[in-house]
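Heads up: the structure comes next, in structure tokens.
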Amino acid sequence: MKKEALPPVAAFLRSTPMRLVLAVEVLVLLWFVWQAATPPAPLHWDAGELDSMSSELLQTDADGYVGAETEQPAVAEGYSGLLATPVMELESGHYLVTVDYKASYHSTDLSTVPYLSFYSETPGTLQTYDGLIDPDATSQQFLVEVQHSCPDAQIIFTSRGCRFMVGSVTIRYDTAHAWVCVAAAAVGALLVNALLLRLLPGSPLAVSAGGRAAFAALAAGVLLSSLLLLQNGQVQGHDWFFHLSRVEFTAEALRSGQFPVRIYTTAKNGFGYGTPLFYGQLFLYFPALLRLLGFTVQQSIYAYIWAVNAATAGISYLCFYKIFRRRSLAVTGALLYGLAWYRLYCLYERAAVGEYTAMVFLPVLVYGLWKLYGPREADRSTAWVPLMLAFSGFLQTHMLSLLMAALVALGIGLVFWRRTFCPAGLLTWGKAAGSCALLNLWFLFPFLTAGHGSLPDGGVDLAGDALSVAQLLTNDSEQTLGAGLWPGAVLFAALCLLRRRPSPLRGLGFTALGVASVSCWLATDLCPWAWLQRSPIGPVVQTLQFPWRWLGVASLALTVVTLCGLAELLEDRGLPAALSAALLPVGLTLVTVVAFYQPLTPIDTKLQPMIDGSQTKYWTDGLYLPEGAEPEMRWFVHDDPSGLTVRSLARADGVVTIDCAADGQDGSLELPLLYYPGYRVLTGSGALSQSGHGLVRLTVPEGWDGVITVGFREPKRWLLADLLSLLTAAGLGCLAVRRRRSDSN
């Protein structure tokens with residue numbers, strides 16, 4: 001009997017190369033399973049077993065806790081180390097450290113809060129919590145990641161002048177996270193196999209040789225833009241802690257059951273902070289979910305940066321391919337834009353999560369404008385789709401990028417006013433704006449009705465932060481365009497002068513060159529920023545904060561100009577000439593990448609600090625505070641209760657529980673919660689309002705005697721907006737499926 005032939009995919013998986021790959025994957029999975037199934041033995045020390053670091057301050061209380069029993073004067077310089085664990089050897093992996101303690105602190109001085117640190121003399125081994133502990137708690141758990149086996153790990157406890165007594169310390173291997181790593185390794189193996197099915201010659205699902213070359217180039221670009229994530233250490237950019245705290249706060253809010261996340265319940269020392277009401281964070285749910293799975297907040301944000309770099313390369317490639325219809329040009333554009341100096345600066349020097357995520361959607365905006373104003377009339381009926389997606393991306397990532405993108409679109413729309421104000425153009429913009437508003441209504445409606453967002457204050461000096469022309473053109477400044485984007489502009493200008501035959505892309509090149517020129521002008525001191533800031537539109541102008549933000553728009557515009565020049569050269573002289581000309585901008589871009597990375601590497605740190613909930617509650621800004629609130633909100637500053645006897649008051653996970661009585665009259669008190677729409681009385685009786693300190697004020701009716709709980713619940717009008725956005729997303733999805741089926745038929 002003749003043996004039945006295997007399906008093509010199964011036959012390919014049984015080929016020798018794939019069998020080797022599968023064997024390696026199985027071995028890797030078995031290693032992860034072994035790590036999870038054979039955890040190291042836990043370590044435990046009672047207070048008396050800890051090493052003394054300051055014997056003159058140590059005391060022992062009745063419960064056997066050891067430390068500084070009485071508060072000492074705040075330490076002006078340095079910290080008073082009290083106790084330390086014995087030196088321990090830890091294998092690589094995640095560990096959970098539980099510390100039982102007692103603490104009190106000077107209520108007006110944050111510098112006296114106890115301090116906990118992890119120490120090793122072996123560089124690059126520990127990635128862990130290193131900072132303040134919660135003085136209001138009596139037990140706390142910390143996460144330690146040992147990247148490589150550490151022979152000399154130690155935990156040091158510091159009083160910093162406060163009362164700080166340690167009872168016990170326990171360290172155990174995080175087996176739950178180890179099994180999550182097993183699952184992650186399995187998912188990774190499946191993704192690798194899927195890629196190999198698409199990329200390896202001989203696979204029945206393989207793409208063409210040109211597709212494989214394009215993928216290899218894009219993968220190399222993603223790797224180059226992510227190199228700093230592979231080094232031993234980390235780059236702590238300007239906004240690093242703020243955005244790490246956003247990830248941590250989002251994870252904590254999800255853990256407590258809040259979705260979508262509107263209030264960071266643990267921020268501002270537990271008073272709760274409404275950043276998500278005013279700062280889009282849809283894409284931060286990805287690192288927050290990784291955090292919930294047990295990965296450190298650094299690992300989570302690193303995975304997010306990898307994803308953003310991959311999305312930037314892939315989306316820019318697809319948009320450029322749709323415009324120029326050439327893989328070589330699309331790959332060149334994706335490399336120039338993805339490795340642009342300013343984008344790397346936002347990634348690593350600034351750690352501007354919102355801005356570099358918004359830059360993913362700038363090519364989508366270019367594609368949408370090209371479809372609407374380009375030469376192909378057949379594209380105009382669907383131009384609203386990329387425009388809607390682009391502006392939705394800006395809304396969900398970075399409001400200032402939304403403002404700049406809107407100004408660019410407005411300027412281009414006015415330049416091509418005949419197409420803008422014709423019925424078809426108005427319909428396109430109306431469909432884009434309407435669908436974008438409905439799709440994002442779940443964010444827009446709370447944003448517009450919460451009422452506590454504020455513009456950056458007038459203290460910003462736009463003229464002082466503007467670049468000189470020399471800084472714009474060279475790498476002498478942190479904020480610059482880099483050398484790789486200028487040759488393309490020169491090439492395009494030269495071809496326009498020498499090549500008389502018009503090209504369909506010449507209009508796009510001129511438009512992009514105009515946008516680049518205006519953006520560069522706005523980024524420099526050639527623009528009269530001081531006069532604009534003093535003008536009636538000053539409050540709007542100053543929201544930009546830094547004029548050099550326009551370098552992001554200029555980087556993309558110059559990339560488009562370069563591609564237009566290469567496209568004209570390709571049409572006139574052929575592909576070899578175009579590829580040869582592309583070597584100069586791509587080569588200079590690679591040189592600028594090396595120049596950018598050089599002062600940042602290598603980082604060889606003994607400790608790599610990790611932020612977790614105990615420390616992030618202090619890392620927030622003051623832009624979205626209710627009126628009257630203290631900027632820091634580290635301590636509970638409030639009025640005494642009026643007409644009310646309060647027997648107890650407790651707060652946990654954003655919910656306040658009050659046991660009180662109101663005899664003879666209505667009573668009121670301020671609660672340790674910042675006031676935002678959505679707080680309500682969950683149990684008991686009372687009414688809520690905003691106090692003069694920006695806190696939630698509870699008014700209790702006369703005669704009440706019992707327990708009242710107050711917490712955040714999404715208002716019904718916001719829930720309606722959520723439902724409308726879901727219906728819009730479902731409708732757009734059905735429309736896309738129908739369109740795809742229609743195209744295939």
Side-chain angles (χ1 to χ4, degrees), residues 218 221-230 234-247 250 275 279-288 297-298 300-317 319 333-366 389-405 408 478-482 484-485 519 523 544-546 548-559 589 592-593 596-597 600:
L218 293 177
V222 172
L223 180 61
L224 280 174
S225 62
S226 308
L227 276 182
L228 288 190
L229 305 179
L230 301 176
Q234 63 187 5
V235 178
Q236 297 186 7
H238 304 164
D239 297 335
W240 175 254
F241 289 111
F242 172 68
H243 290 297
L244 284 183
S245 70
R246 291 178 67 203
V247 173
T250 302
T275 300
Y279 198 151
Q281 60 166 38
L282 175 64
F283 300 101
L284 287 188
Y285 286 108
F286 167 59
V297 70
Q298 279 93 343
S300 302
I301 204 71
Y302 279 11
Y304 180 76
I305 295 174
W306 276 101
V308 166
N309 287 339
T312 301
I315 290 174
S316 58
Y317 170 81
C319 292
L335 291 177
L336 292 178
Y337 181 60
L339 297 173
W341 179 289
Y342 182 72
R343 204 183 83 83
L344 296 178
Y345 174 67
C346 289
L347 276 172
Y348 300 116
E349 284 278 4
R350 296 181 58 215
V353 170
E355 189 166 351
Y356 67 64
T357 307
M359 292 179 76
V360 174
F361 299 95
L362 281 176
V364 184
L365 176 63
V366 171
L389 293 175
F391 282 102
S392 295
F394 299 138
L395 261 175
Q396 295 296 337
T397 55
H398 195 235
M399 283 296 183
L400 296 181
S401 294
L402 172 68
L403 173 63
M404 292 188 292
V408 170
E478 291 180 337
Q479 305 90 17
T480 186
L481 283 171
L485 296 174
S519 298
L544 184 64
Q545 295 179 308
F546 309 110
W548 40 257
R549 287 188 192 273
W550 283 99
L551 294 180
V553 175
S555 297
L556 180 60
L558 286 173
T559 298
T589 296
T592 59
V593 170
F596 177 84
Y597 282 157
L600 300 179

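Residues take their numbers from the sequence shown, with the count starting at 1.
By the 30° and 60° cut-offs, the orientation of the rings of His243 relative to Tyr279 is perpendicular. Under the 30°/60° scheme for interplanar angles, the aromatic rings of Phe361 and Phe283 are found to be tilted.
Here the closest heavy-atom approach between residue Ala334 and residue Leu218 is recorded as CB-CD2, 3.5 Å. Contact detail for Thr592 and Gly484: the closest heavy-atom pair is CG2-N, 4.4 Å. In plain terms, the two heavy atoms of Leu481 and Ala554 that are nearest each other are CD2-CB, 4.0 Å. Closest non-hydrogen pair, Leu362 versus Phe394, comes out as CD2-CZ, 3.7 Å. Minimum interatomic distance between Ala390 and Leu365 (heavy atoms only, all atoms of both residues): CB-N, 3.6 Å. Smallest separation of non-hydrogen atoms from Asn309 and Val222: O-CG2, 3.8 Å.
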Leu558/Leu336 under side-chain contact (heavy atoms from CB on, under 4.5 Å): CA gap, chis, key distance, verdict: CA-CA 9 Å; Leu558 286 173; Leu336 292 178; over 6 Å; no
From CA spacing to verdict: side-chain contact (heavy atoms from CB on, under 4.5 Å), Leu485, Trp341: CA-CA 10 Å; Leu485 296 174; Trp341 179 289; over 6 Å; no
side-chain contact (heavy atoms from CB on, under 4.5 Å) between Leu229 and Ile305, worked out: CA-CA 9 Å; Leu229 305 179; Ile305 295 174; 3.7 Å; yes
Evaluation steps, side-chain contact (heavy atoms from CB on, under 4.5 Å), between Leu284 and Val353: CA-CA 9 Å; Leu284 287 188; Val353 170; 4.0 Å; yes
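Between the side chain of Ser226 and the main chain of Leu223, no donor-acceptor pair closer than 3.5 Å is present.
For Thr250, the side-chain hydrogen bond (donor to acceptor under 3.5 Å, both in side chains) criterion is met by Gln281, not counting sequence neighbours. Ser401 meets the side-chain hydrogen bond (donor to acceptor under 3.5 Å, both in side chains) test with His398; sequence neighbours excluded. Qualifying ring-ring contact (aromatic ring centres under 6.0 Å, His included) partners for Tyr317, counting only residues two or more places apart in sequence or in other chains: none. Residues satisfying the side chain to side chain contact (heavy atoms under 4.5 Å, CB included) test with Ala307, not counting sequence neighbours, are Phe286. With sequence neighbours excluded, the residues satisfying side chain to side chain contact (heavy atoms under 4.5 Å, CB included) with Val308 are Tyr304, Thr312, Arg343, Tyr356, Thr357, Val360. Applying the side chain to side chain contact (heavy atoms under 4.5 Å, CB included) test to Tyr342 and every residue at least two apart in sequence or in another chain returns Tyr345, Cys346, Arg350, Glu355, Met359, Trp548, Arg549, Leu551, Ser555. Take Leu282 and apply the side chain to side chain contact (heavy atoms under 4.5 Å, CB included) test, not counting sequence neighbours, and it matches Tyr285, Gln396, Trp442. For Tyr337, there are no ring-ring contact (aromatic ring centres under 6.0 Å, His included) partners at least two apart in sequence or on another chain.
Considering only heavy atoms from C-beta on, Leu224 comes within 4.5 Å of Leu339 through its side chain.
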